[in-house]
There are 2 protein chains.
Amino acid sequence: MPDSKPKFRRESPEQRRVQLIEATLRVIARKGVSAATVREISAEAGVAFSLIRHHFNTKEDLMYAAYAYHMRKMAQASLAAATDMGRPLKDRIRQCIRDTLSPPVTDGAALQVWAGFIQMVPHDARMKQIHMETYLGFRDALEPLIIEAQAAQKQPAEPALVEQKAIACNAVLDGLWLEGSMLPDMLPTEQLIAVAEFAIFAILGPIDLD
Amino acid sequence: MPDSKPKFRRESPEQRRVQLIEATLRVIARKGVSAATVREISAEAGVAFSLIRHHFNTKEDLMYAAYAYHMRKMAQASLAAATDMGRPLKDRIRQCIRDTLSPPVTDGAALQVWAGFIQMVPHDARMKQIHMETYLGFRDALEPLIIEAQAAQKQPAEPALVEQKAIACNAVLDGLWLEGSMLPDMLPTEQLIAVAEFAIFAILGPIDLD
DNA sequence: ATGCTTACTGCACATTTGTACAATAATGGG
DNA sequence: CCCATTATTGTACAAATGTGCAGTAAGCAT
């Protein structure tokens, strides 16, 4: 009975790549970037460590892929509610705040992964590119909300002011995300959300009509 | 003439420790944490690599020391103006904003160092301790300003509200510091400061009297 | 079934890492 | 001036890391 117990499963390159990427992120979240060696990652994924180099030209390539994957997932989880037209503006804003400042976005493991990658950004053009796309994507998703808010208050949406408010709101969320991820005991989710709503509506002005 | 050219200079342990710490920070800023090996650091400091273990029990100890040193320096540069009584409240706030969002605090190299250490925080009790002290130190320095601001507006300084405003202002500064350090071309210093003043005075309320 | 493609394994290798330790020499106190 | 102290060097070493490569076997096409 030769085929009774296959020694390994043969996956499509796409699936395997995703498996390896997710294993990488789990390892980084659990033990930090320095522990994310090819051997540790492949063990986490349950494959031979030499398989990594079959799907990625180099370990760095795996890191790029993992970074892009992680950032895209975070941005998506954070901003899903922004474009959900049909809900009142204020609801959408509050939902984005909540999604951004709750797990799994605001989370020690996610911060862990993010911080590990951040230190590559200044030294690496590809990382910098990925970061800029993510940052601008976030801000671009925020601006329509600001413009709507201006309209709701019957005020003109001057581009300079809209940009300023977008940067400010982004900063509030970034800062709270940071501290909330780092010190969850000191800054529980609900408090983070309360502070964010307070600050963001102070910046945007009152939005009571819809 | 045997003594004409000494092979090395003998320093006091305190001075040498500081030299090694600063060399560590320079290496991390220039090449990232993974490049901060004992050999690289000692080369930067101009000493034999085995000297590190004479002044620090382990490489980890050097890292702790470097982290504490870096954070203390940043906090000091950021908050020097906060306690400078004799200047009007609004001036002090604006000076803190400027100091926080200008080099050398808001700066790619400083972020680099910070991010490198941050990823150690969740895995390491001593790192977490250092981070918490720094964070609380910052907030504690901010709260008196908020209380003064409440008083200037003839409003009671309810502890819960003061804490909320302190967290919010901290978040604004953290977030802008982050993005300004990472993307200096996109967010130049003066724009960062303008956004911060806008957001923080929106949170605190108008402070026109002193 | 059979064969072909290629996903996958296993092992070896050079390099780099933190650490250990004995030898050396700078410097202050006598 | 000389000696004791100890800051500093030089070398050695085991462990770990990314990469290279030959061979194996899973699974689809025919």
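Every chain is numbered from 1 and lettered A, B, ... according to where its sequence line falls, protein lines coming before strand lines. Just the heavy atoms: all of them, side chains too, but no hydrogens, waters or symmetry mates, feed the values below.
Spacing between atom CE of B:Met63 and atom P of C:dT17 amounts to 12 Å, rounded to whole angstrom units. If you measure from atom CD1 of B:Ile41 to atom C1' of C:dT17, you get 12 Å, rounded to the nearest angstrom. Per the geometry, CG belonging to A:Leu20 stands 8 Å off P belonging to C:dC8, to the nearest Å. Regarding B:Arg53, its CZ atom lies at a distance of 19 Å from the P atom of D:dT6, rounded to whole Å.
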For nucleotides 28-30 of chain C, which of its nitrogen or oxygen atoms have a protein nitrogen or oxygen under 3.5 Å away, and what is each distance?
none

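Closest non-hydrogen pair, A:Thr134 versus A:Ile130, comes out as OG1-O, 2.8 Å.
B:Arg26 CZ: more than 12 foreign heavy atoms inside a 6.0 Å radius. Atom CD of A:Glu133 has more than 12 heavy atoms from other residues, nucleotides or ligands within 6.0 Å. Within 6.0 Å of NZ on A:Lys73 lie no more than 12 heavy atoms contributed by other residues, nucleotides or ligands.
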Annotated protein contacts, base or backbone, on nucleotides 7-16 of chain D with a non-hydrogen cut-off under 4.0 Å, one of B, S, - each: BBBBBB----
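Taking 4.5 Å as the limit, some side-chain heavy atom of B:Arg139 sits within range of a side-chain heavy atom of B:Glu163. Residues A:Ile118 and B:Met182 meet the side-chain proximity criterion, which asks for heavy atoms closer than 4.5 Å.
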A:Tyr69/A:Val18 under side chain to side chain contact (heavy atoms under 4.5 Å, CB included): CA gap, chis, key distance, verdict: CA-CA 9 Å; A:Tyr69 184 92; A:Val18 172; 4.1 Å; yes
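Stacking of B:Lys90 on the aromatic ring of B:Phe201 is recorded, both the 6.0 Å distance cut-off and the 45° axial limit being met.
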